[in-house]
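In what follows, a single structure is set out as structure tokens and then discussed.
No hydrogens, no waters, no symmetry mates; every other heavy atom, side chains included, goes into these values.
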Amino acid sequence: QKERQYQMMLKNLSIRALSSKHEFHMPNHKMYIPPESYKFQHPVYDLKEIEELDNPHVPHDSFHKKFAYHFLMCLRKPYDKLTGYDNPKEVTFLKRAIVLESMAAIPGMIGSLIRHLKCLRRFKNDNGWIHTLIEEAENERTHLQVFLELYRPGIGLKAQVKIFQFVFLSSFFTIYFCSPKTAHRFIGYLEEEAVKSYSKMLLHTEPGKCLEKWRTMPASDWAKKYWSLPENATVRDMVLAIRADEAIHREVNHYFASIKQTDKSEIHQIFPVDMLPDLLHVGFKKK
């Protein structure tokens, strides 16, 4: 019976390759459902396999791609200035990550909300889009939570986040409502920049750099549990997992922007799933 449940879960979570012009560059991973946890399924990794990651750029060679890319660049300039991108220090890297993740957790919820309302209006099924977008939002929010264990924002940073959140939420809601394709392309480009940011962060963990101590500083118990990291995992290992998550979000959103928004295929997961059978958790236990 457990084997049957496992096969059904695998079938429900996987999706076959659909007709799409997008070429995938997914980091190797397995999907993990945390036992006795409210967390959604999410990727876990072999740390050796994610030391090096491809970060291909999707050319902005059409109107919706150009709009998405240049809108992102307009937002990035003040963000870089406020978070001290050109002044690498531990505190500036942590502030930058906190601001980034507080914004990156918004699009999935906005997209899922708009698609949810659309399904209600049209009396139709969403074919897996909503669930996938909420998973992404929770994953990004978890990134924020683990960075907050390393740095607690002051009044100034909290005020910045509130302003960024208001501007970004309003703008992204309008874009997604008018053109979901453009919105997903925008997030695809945003995740490309996120991978670059975390790659720069990892470079500064090298000996003699400002984040050298992250090579030996233990990762939090929460991070170890969430990404199923080894007991001796460090903060650097945690950042490797976060960067790999961003690479997956990059592929998901570029893919969503490459297919018809009315595609009726199941999109529970857009990549083949190899779950961990011994960690499979069905339902909740009552205490």
Side-chain angles (χ1 to χ4, degrees), residues 22 40 42 58 60 62-83 96-145 147 153 157-195 197 245-246 248-263 267-268 270:
H22 182 63
F40 285 110
H42 55 269
V58 174
H60 42 289
S62 65
F63 175 77
H64 88 275
K65 290 180 182 178
K66 289 178 181 178
F67 177 86
Y69 181 77
H70 291 297
F71 179 56
L72 173 64
M73 291 298 105
C74 288
L75 293 178
R76 174 163 182 173
K77 289 180 180 178
Y79 166 65
D80 285 349
K81 188 174 182 179
L82 287 171
T83 56
R96 183 176 178 82
I98 287 171
V99 174
L100 171 64
E101 299 300 346
S102 64
M103 298 300 108
I106 292 175
M109 294 304 294
I110 294 295
S112 60
L113 171 63
I114 292 177
R115 299 196 74 89
H116 175 66
L117 295 175
K118 185 176 180 180
C119 291
L120 296 179
R121 291 195 306 270
R122 299 189 176 185
F123 309 108
K124 290 183 178 181
N125 184 25
D126 80 298
N127 300 307
W129 287 69
I130 293 172
H131 189 81
T132 302
L133 293 173
I134 293 178
E135 283 175 8
E136 179 181 309
E138 184 193 66
N139 183 252
E140 298 284 13
R141 191 174 69 252
T142 303
H143 295 174
L144 173 63
Q145 290 168 335
F147 278 118
L157 185 58
K158 289 179 180 179
Q160 287 180 28
V161 168
K162 287 180 180 179
I163 294 170
F164 270 124
Q165 191 176 76
F166 176 77
V167 174
F168 183 64
L169 189 150
S170 305
S171 303
F172 189 79
F173 186 95
T174 302
I175 294 171
Y176 203 105
F177 188 82
C178 297
S179 175
K181 177 190 284 287
T182 304
H184 283 295
R185 189 65 72 187
F186 170 82
I187 298 305
Y189 289 135
L190 174 65
E191 299 296 358
E192 287 181 15
E193 298 302 312
V195 172
S197 292
D245 284 346
E246 304 294 7
I248 288 179
H249 299 325
R250 176 197 67 209
E251 298 303 307
V252 169
N253 283 279
H254 278 316
Y255 174 78
F256 280 177
S258 301
I259 64 175
K260 294 181 179 179
Q261 301 299 301
T262 56
D263 199 306
I267 311 183
H268 291 295
I270 67 165

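The shortest distance between side-chain heavy atoms of Leu190 and Ile187 falls below 4.5 Å. Inter-residue side-chain proximity for Phe256 and Thr132 is flagged as met; some heavy-atom pair is nearer than 4.5 Å. By the 4.5 Å heavy-atom criterion applied to side chains, Arg96 and Tyr79 are counted as neighbours. Contact annotation: the side chain of Leu113 never approaches that of Met109 to less than 4.5 Å [non-hydrogen atoms, C-beta and beyond].
Shown here for Arg115 and Leu133, the closest heavy-atom pair between the two residues is CD-CD1, 4.0 Å. Minimum heavy-atom separation, Ala137 to Ala105: CB-O, 3.6 Å. Nearest heavy-atom pair across Ile175 and Phe67 is CD1-CE2, 4.1 Å. Closest approach of Arg185 and Ser258 over heavy atoms only: NH2-OG, 3.3 Å. For the residue pair His184 and Asn253, the shortest heavy atom distance occurs at ND1-OD1, 2.9 Å. Of all the heavy atoms in Ile259 and Lys181, the pair that sits closest is O-NZ, 4.2 Å.
To the nearest 0.5 angstrom, Phe186 atom CZ is 10.0 Å from Glu191 atom CD. Atom OH of Tyr176 is separated from atom CD1 of Ile110 by 10.5 Å, given to the nearest 0.5 angstrom. For the atom pair Leu75 CG and Asp80 CG, the distance stands at 11.0 Å (nearest 0.5 Å). Atoms CE and CG, from Met103 and Leu144 in turn, are 9.5 Å apart once rounded to the nearest 0.5 Å.
With sequence neighbours excluded, no residue satisfies salt bridge (charged side-chain N to carboxylate O under 4.0 Å, His left out) with Glu138. Residues passing the side chain to side chain contact (heavy atoms under 4.5 Å, CB included) test with Lys158, sequence neighbours excluded: Pro153. Partners of Gln145 according to the side chain to side chain contact (heavy atoms under 4.5 Å, CB included) rule, which considers only residues two or more places apart in sequence or in another chain, are Lys39, Arg141, Thr142, Trp222. Applying the side chain to side chain donor-acceptor pair (under 3.5 Å) rule to Ser112 yields no partners; only residues at least two apart in sequence or on another chain are considered. Partners of Val195 under the side chain to side chain contact (heavy atoms under 4.5 Å, CB included) rule, at least two apart in sequence or in another chain, are Asn55, Ser199, Arg243, Glu246, Ala247, Arg250.
In this structure, the side chain of Lys124 does not engage the main chain of Cys119 through any donor-acceptor pair within 3.5 Å. The backbone N or O of Pro107 sits nowhere less than 3.5 Å from a side-chain atom of Glu136 that would complete a donor-acceptor pair.
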**OP:** Before giving the answer on side chain to side chain contact (heavy atoms under 4.5 Å, CB included), spell out for Leu100 and His143 the whole-Å C-alpha distance, their side-chain angles and the decisive distance to 0.1 Å.
**Re:** CA-CA 10 Å; Leu100 171 64; His143 295 174; over 6 Å; no
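Between His254 and Tyr189, the ring planes lie perpendicular to each other; the angle is over 60°, past the 30° to 60° tilted range.
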Throw together a table of side-chain donor-acceptor distances under 3.5 angstrom for residues 166-173, partners on residues two or more places apart or in other chains.
| from | atom 1 | to | atom 2 | distance (Å) |
| --- | --- | --- | --- | --- |
| Ser170 | OG | Phe166 | O | 2.8 |
| Ser171 | OG | Val167 | O | 2.8 |

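A donor-acceptor contact closer than 3.5 angstrom is absent between the side chains of His249 and Asp245.
Residue-environment remark: NE2 (His60) exceeds the threshold of 12 foreign heavy atoms within 6.0 Å.
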